[in-house]
There are 2 protein chains.
Amino acid sequence: MPEPADTTWLRTVAHEVRSFDRSSTAERVAELLRSRVIEGDLPPGTRLSEEQLVEVLHVSRNTLREAFRLLTHEGLLVHRLHRGVFVPELAEDDLVDLYRLRRTIECDVVRRLDTLDAVRLRPLHDAVAAGEDAARRGDWVAAGTANMRFHQQLVALAGSRRIDETTARLLAELRLAFHAIAVPQRLHEPYVSRNRALLDLLAGGEVEQAAKELEAYLHDSEAELLAAHRERPRS
Amino acid sequence: MPEPADTTWLRTVAHEVRSFDRSSTAERVAELLRSRVIEGDLPPGTRLSEEQLVEVLHVSRNTLREAFRLLTHEGLLVHRLHRGVFVPELAEDDLVDLYRLRRTIECDVVRRLDTLDAVRLRPLHDAVAAGEDAARRGDWVAAGTANMRFHQQLVALAGSRRIDETTARLLAELRLAFHAIAVPQRLHEPYVSRNRALLDLLAGGEVEQAAKELEAYLHDSEAELLAAHRERPRS
DNA sequence: CTTGAGGGATTGTTCAACAACTCTCTAGGT
DNA sequence: ACCTAGAGAGTTGTTGAACAATCCCTCAAG
């Protein structure tokens with residue numbers, strides 16, 4: 001053990017605990033909050049109190065605010081001046097908007113694909129298999145996660161960092177909407193097999209037909225989500 | 001005049017100067033830095049010293065860092081842990097990536113257009129006219145700005161908030177690349193007339209042909225930019 | 001020429017204090 | 001009863017100082 005001379009060791013050891021990895025404290029706080037929001041623990045509309053979180057997380061307000069800003073940029077929190085940060089409540093407009101961008105990106109990515117060996121399709125295959133497995137177990141939360149992964153890996157075929165990032169934000173926001181709604185099975189079940197069908201089309205090199213199917217797929221998905229949103233349990 | 005009683009008025013009056021509008025100090029600092037970066041006053045690779053900027057802008061380090069975060073998320077600054085924030089130097093990969101996303105969004109927006117009355121095309125027309133005017137004057141910086149506006153207004157036809165935001169970030173980043181290069185005329189001149197041609201196609205309702213032209217347009221633009229980037233004056 | 005140990009400069013994080021804003025509740029006017 | 005003004009409480013916005021951690025440059029030793 002090093003020499004325990006003055007009282008500063010308390011701070012240094014505390015810092016060691018906090019900065020085990022190579023990221024900043026703010027990033028780690030953001031990661032923690034992100035999972036809470038994505039997991040649905042914090043329902044839309046919830047205000048995240050600075051005072052409260054500083055107390056619980058043992059970080060300074062400044063660091064916490066930096067974490068807030070990270071998540072705000074990802075669309076997982078909204079910031080209202082002098083009022084605080086909230087878990088966003090997506091309106092119907094937002095859902096339509098999200099699907100609009102989603103169709104644009106995903107369909108275009110598929111349409112521009114050319115060479116597709118089995119290696120590049122591997123992550124897609126894994127995601128589809130995970131979805132089928134989750135569906136078999138009746139775990140619709142896991143099925144939803146696998147579905148997100150499928151679409152993330154789908155656009156990853158484009159090999160574009162910015163397309164990946166844009167899609168990640170998009171899907172994260174969309175997940176908020178899924179959490180605001182209570183019936184995961186109805187929203188996820190049909191797409192387990194449709195993901196498989198899509199993958200088969202891609203493996204067969206029929207990109208144009210895959211793009212068309214994806215277009216219809218997203219259209220149906222949007223309609224389902226909107227319908228479910230209108231029967232939302234609470235506003 | 002109100003009663004000048006204690007000494008706190010110094011701080012309050014200073015605050016009034018700073019917060020004239022309805023945004024936070026950090027946002028205003030960000031706005032200031034944003035224009036400097038976009039305008040090209042800060043060349044790519046420049047490091048923005050906290051100490052220095054705190055001195056000049058008369059804000060605290062925390063506030064300045066908040067502004068940094070905002071701009072980092074817009075892609076106008078890059079943050080390296082323990083090293084500070086820099087004006088990004090776009091690599092060739094980044095240019096290709098930016099044009100990849102650009103083609104995806106812009107072409108898809110055009111392809112999905114349907115009703116197009118003159119009113120909705122008005123902002124596009126204005127941007128084209130501004131570009132032609134700038135070209136006539138030989139003001140290629142203004143021509144570049146008008147070109148950005150044209151494309152921003154083009155995607156705005158989709159009526160999607162998130163598509164607008166994504167495009168704004170994209171074009172802002174792209175502008176960095178233009179500033180890193182010295183020959184604005186060669187990069188902007190051909191597109192003044194091509195913007196006009198594109199607008200005519202849209203006004204005529206020929207969206208599919210417009211999309212094809214835009215595809216070729218962006219392809220040419222990318223090639224020009226890459227070529228110019230390879231002959232860059234300084235690394 | 002490479003390697004490694006200072007040392008100075010800069011960033012990362014915390015803390016405490018105060019200013020400014022929002023929201024709510026109450027008192028007064030109509 | 002209804003609207004309006006304003007006081008008060010609670011929360012966010014911003015500051016400045018302090019110190020820890022890290023980077024980078026220099027210089028000497030191998």
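In what follows, chains carry the letters A, B, and so on, assigned in the order in which the sequence lines appear, proteins first and then strands, with residues in each chain numbered from 1.
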Take atom [atom1] of [X] and atom [atom2] of [N], then tell me their distance rounded to the nearest Å.
{"X": "Leu70(A)", "N": "dG12(C)", "atom1": "CG", "atom2": "C1'", "result": "14 Å"}
{"X": "Phe68(B)", "N": "dT11(C)", "atom1": "CZ", "atom2": "P", "result": "8 Å"}
{"X": "Glu50(B)", "N": "dT22(D)", "atom1": "CD", "atom2": "P", "result": "16 Å"}
{"X": "His82(B)", "N": "dA20(D)", "atom1": "NE2", "atom2": "P", "result": "15 Å"}
{"X": "Glu51(B)", "N": "dG8(C)", "atom1": "CD", "atom2": "C1'", "result": "12 Å"}
{"X": "Arg80(B)", "N": "dA21(D)", "atom1": "CZ", "atom2": "C1'", "result": "19 Å"}
{"X": "Arg61(A)", "N": "dT15(D)", "atom1": "CZ", "atom2": "C1'", "result": "11 Å"}
{"X": "Arg47(A)", "N": "dT22(C)", "atom1": "CZ", "atom2": "P", "result": "14 Å"}

Any [X] side-chain N or O less than 4.0 Å from OP1/OP2 of [N]:
{"X": "Thr63(B)", "N": "dT15(D)", "result": "yes"}
{"X": "Arg83(B)", "N": "dT10(C)", "result": "no"}
{"X": "His79(A)", "N": "dT11(D)", "result": "no"}
{"X": "Arg65(A)", "N": "dG13(D)", "result": "yes"}
{"X": "Ser24(B)", "N": "dG13(D)", "result": "no"}

| field | Salt-bridge contact Arg162(B)-Glu165(B) (side-chain N to carboxylate O under 4.0 Å) | value |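 No salt bridge links Arg162(B) with Glu165(B).
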| Should the pair Arg34(A)-Glu31(A) be classified as a salt bridge under the 4.0 Å nitrogen-to-oxygen rule? |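 Judged by the 4.0 Å cut-off on N to carboxylate O distance, Arg34(A) and Glu31(A) do form a salt bridge.
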| query | Among Asp93(A), Thr104(A), Asp97(A), which residue meets the side chain to side chain donor-acceptor pair (under 3.5 Å) test with Ser160(B)? | reply | Asp97(A)
| Pro44(B) and Leu176(B): which non-hydrogen atoms are nearest, and at how many Å? | CG-O, 4.2 Å
